[in-house]
Structure formats: structure tokens, C-alpha cells
Amino acid sequence: MKIAFVGKGGSGKTTLSSLFIRHLAAVGAPVVAVDADINQHLGAALGLDEKEAAELPAMGERLRLIKDYLRGSNPRIASAETMIKTTPPGEGSRLLRVQEDNPVYGACAHRVELDDGAVRLMVTGPFTDADLGVACYHSKTGAVELCLNHLVDSRDEYVVVDMTAGSDSFASGMFTRFDITFLVAEPTRKGVSVYRQYKEYARDFGIILKVVGNKVQGQDDIDFLRAEVGDDLLVTIGHSDWVRSMEKGRPPRFEFLEDANRRSLRVLQVAADATYELRDWERYSRQMVHFHLKNATSWGNERTGVDLAAQIDPGFVLNEGLAAVV
Ligand SMILES: Nc1ncnc2c1ncn2[C@@H]1O[C@H](COP(=O)(O)OP(=O)(O)OP(=O)(O)O)[C@@H](O)[C@H]1O
Ligand SMILES: [Mg+2]
């Protein structure tokens, strides 16, 4: 299952991503955790110290390797230079699985030991001013999008992405790459305004969007969120002393997370798992093509000097059956 955490800056995306990742690890599920947010804090939230977090290999700096591996022997993709972040897989492309060793994980993934198991962590790398708002070509999250577009995940395997709700993900199509999107919102007008914007984009693409209320203090907060987002409100999470201890660099064992918050994490997993039956690889592949064509005409063709529409393999549909083929 591919799961995104999005929301306003400071709403708690990283905190809730990290708690959900810890929860999944605790139930023994295989997890790839991805930090695709502008503020790269997921490593720290998973317990890495400053030095370890700073030394994480950045996907954004290994784009060449990622592209060369993924394009494999696909005859429609002549070179890494002409492979853009939306270039879809086709016959000859290499796919990624959650549970395997491959050169992409080898170069970009860091094994993080948690209390009850280990997860793979991948990070886009720190964003600079040059990354923001401009130059799709250089987009750091492009590396994540490429990987998601080449990933075949099954039931009971999880890819959890800590993402910003920024315009970059809307332009590229990244926001359509998930089985479910958890929008983290504090019970404030600003918190839910991001929800409205996301919902607007999501509507046309069949995105499953659920709101996770965070830093919720009482019934009044719950009533406010319910009134603003209606049935999209999945669950709420209160202030957590466990999280506060972690922020001080003294995380208790995960089993000591407050009961109510543990229950909320289980609700997130149940909601994510329930989307499995709704999966539609055809639509997923079609959307990949849609955004590729959009990026090709808006900047890609000009930038690469080739007709990027020719990269599309018309008969190719990503699906779990392909995962069996080595
Ligand atoms: N449920 C909670 N209980 C206690 N503290 C929390 C909770 N949720 C978030 N926080 C705290 O609020 C702050 C912001 O949270 P976090 O960094 O997860 O937000 P974010 O949405 O990832 O922010 P950014 O946009 O900067 O990446 C952090 O100091 C975090 O520890
Ligand atoms: Mg964050």
C-alpha cells in the first residue's frame, strides 16, 4: 500500500508519518519510508541523531543511477538525460518491489532500527531555494515520483511518504500515486483550508483522501473538524507526551505510546488496508501517462529536445503480476 501524509506546514505530517511507520514496524509489516517534504525531518522523527540524519544519502543526488536502473533495456527511453520524473515504465523497464534488494535501495535507502523491527528510509535530500516553485526539471521529489511509478507493492507491504501539500506535487501528478492520502489538519481554519485545496485537486483523479485531526484537545475541536470536513474526518490524535519526549531526544519505547493514539494508528492502517480492494492499476497507469504528456508539453520536450510522448508504451499496465517476473 502506498500512503502519503500531507498537510499544512507544522501540522504534524512528519510526526504522524513516523508514528505510523513505527506502528507498522511493530506489527511486523515491511516498510519503505520516504521523506519527500521540504523540511527533511523524518529521519530525526525515526530516532536518528543529527549526524546520522545529515549523512542520509539523498535521492535527488542519485537521479542518474535511479534513472539508469529503472529504464533498464526499455527501448523507448534512449538515455537517462531524456528520462524525466514522469517518464512511465514500459516493456524492458525495471520495477521496484518493497521487499527486495536492488541498486536503488543500495544507493539511497538507509536501514533504521526501531524498537520492534527495522524499516528502509529514503530521503529526497535537503531543498534549497532553487528547488522551490521553479524548475520542474530539478525537482527533488522527481526521484520519488519515478520510484513510485516503477513500484509494484502488494497487500501488507507499505510505502509511507512524508510529503508537503505544495503545488509541486499537483503539477507532477505525485499526489495521484497513493492508495490513500492522509491529510493532517489541526482544528483551525488554516488547517482545513489546505484540505479544501487538496480536495479540489483530488476530486478529478479519484484520490482517496482522509483527514487526520492532530493536536486535538476536546470535543469542541472534533466538532469543528467534523463541521468543516464532514465524513472525510477519519480519526483524531491528541497531544502526545510520548512525542514530546521524543522531541527531547528521549523516546520511550514505542509500546508506551498513549493507548488512544495507538488506537488511532490502527484506524489508519485499517483505512489504508481497506483501499486494497479498490486498486485500479489501469487507472494508475493511465494517470501516469496523463501527467507525463502534460509535463512533456509544458517543459519536458523543450528541455530534452525529444518528443517525450514516444516514451509511452501503449499496452503497458503496471500490476502485481509483473512483480513475479525477474
Ligand atoms: N500529536 C502531537 N503531540 C505532541 N506534539 C506534536 C504532535 N503532533 C505534532 N507535534 C509537534 O508539533 C511540531 C510540528 O510537527 P511536525 O514536525 O510533525 O509537523 P510537519 O507538518 O511535519 O511540519 P513541517 O511542515 O515543518 O514539515 C513538532 O515539534 C512536533 O513534535
Ligand atoms: Mg515535516
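Counting starts at 1 for both ligands and their atoms, in listed order. For clarity, every value in this text was computed on a predicted model and none was experimentally measured.
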Margin query: One residue to check: Asn214. Relative to ligand 1, which of side chain, backbone, both or neither has a non-hydrogen atom less than 4.0 Å away?
Written below: side chain

Check: Does any N/O atom on Gly238 come nearer than 3.5 Å to any N/O atom on ligand 1?
Finding: yes

Notebook entry, point to check: What are the two closest heavy atoms between Phe254 and Arg262, and how far apart are they?
Noted result: O-NH1, 3.2 Å

Note to self: Please work out, at 4.0 Å between heavy atoms, whether the side chain, the backbone, both, or neither of Thr14 comes within that distance of ligand 1.
What the structure shows: both

Margin query: Closer than 4.0 angstrom, basic N to acidic O: yes or no for Asp68 and Arg64?
Written below: yes

Notebook entry, point to check: Below 2.8 Å, any N, O or S contact between Thr14 and the Mg ion (ligand 2)?
Noted result: yes

Margin query: Within the structure, is a non-hydrogen atom of Gly10 found at a distance of less than 4.0 Å from ligand 1?
Written below: yes

Margin query: Ignoring hydrogens and geometry beyond distance, is a side-chain donor-acceptor pair present between Asp179 and Tyr158 at under 3.5 Å?
Written below: no

Notebook entry, point to check: Are the side chain of Arg120 and the backbone N or O of Val98 linked by a donor-acceptor pair below 3.5 Å?
Noted result: yes

Next item on the list: Return the residue, atom name and 0.1 Å-rounded distance of the protein heavy atom closest to atom 27 (O) of ligand 1.
Entry: Asp37 OD2, 2.8 Å

Notebook entry, point to check: Is the shortest side-chain N to carboxylate O distance from Asp232 to Lys199 below 4.0 Å?
Noted result: yes

Checklist line | Heavy atoms of other groups near Glu100 CD, more than 12 under 6.0 Å | finding: yes

Note to self: Within 45 degrees of the ring normal and closer than 6.0 Å to the centroid, is that where the cationic atom of Arg62 sits relative to Tyr69?
What the structure shows: no

Next item on the list: Decide whether Gln217 and His239 meet the rule of one side-chain donor and one side-chain acceptor closer than 3.5 Å.
Entry: no

Next item on the list: Check the side chains of Gln311 and Thr87 for a donor-acceptor pair under 3.5 angstrom, ignoring hydrogens and angles.
Entry: yes

Margin query: Starting from atom 10 (N) of ligand 1, what is the nearest protein heavy atom, named by residue and atom, and what distance separates them?
Written below: Lys215 CE, 3.7 Å

Notebook entry, point to check: With a cut-off of 4.0 Å, which atoms of ligand 1 are near a heavy atom of Gly9?
Noted result: 25 (O)

Margin query: Using heavy atoms and a 4.0 Å limit, tell me yes or no: is Lys8 in contact with ligand 1?
Written below: yes

Checklist line | Which segment of Thr15 sits under 4.0 Å of ligand 1 when only heavy atoms are counted | finding: both

Next item on the list: Could you find the nearest protein heavy atom to atom 3 (N) of ligand 1 and give me its residue, atom name and distance?
Entry: Ser240 N, 2.8 Å

Note to self: Tell me the protein heavy atom at minimum distance from atom 26 (O) of ligand 1, and give that distance in Å.
What the structure shows: Asn39 ND2, 3.1 Å

Notebook entry, point to check: Under a 4.0 Å heavy-atom limit, does His239 contact ligand 1 with its side chain, its backbone, both, or neither?
Noted result: both

Notebook entry, point to check: Among all protein non-hydrogen atoms, which one is nearest to atom 5 (N) of ligand 1, and what is the separation to 0.1 Å?
Noted result: Val243 CG1, 3.6 Å

Notebook entry, point to check: What's the shortest distance from atom 19 (O) of ligand 1 to any protein heavy atom, and which residue and atom give it?
Noted result: Gly12 N, 3.0 Å

Checklist line | Electrostatic pair Arg155-Glu277, nearest N-O below 4.0 angstrom | finding: yes

Note to self: Is it the case that ligand 1 has an N or O less than 3.5 angstrom from some N or O of Leu16?
What the structure shows: no

Next item on the list: Indicate yes or no: does Glu145 engage Lys85 in a salt bridge with an N to O separation below 4.0 Å.
Entry: no

Check: Has ligand 1 got any nitrogen or oxygen that is less than 3.5 angstrom from a nitrogen or oxygen of Ser11?
Finding: yes

Checklist line | Min N/O separation Asp162 to ligand 1 under 3.5 Å | finding: no

Notebook entry, point to check: Of the protein's non-hydrogen atoms, which lies at the shortest distance from atom 28 (C) of ligand 1, and what is that distance?
Noted result: Glu247 OE1, 3.8 Å

Note to self: Any carboxylate oxygen within less than 4.0 angstrom of a Lys/Arg side-chain nitrogen, looking at Asp280 and Arg286?
What the structure shows: no

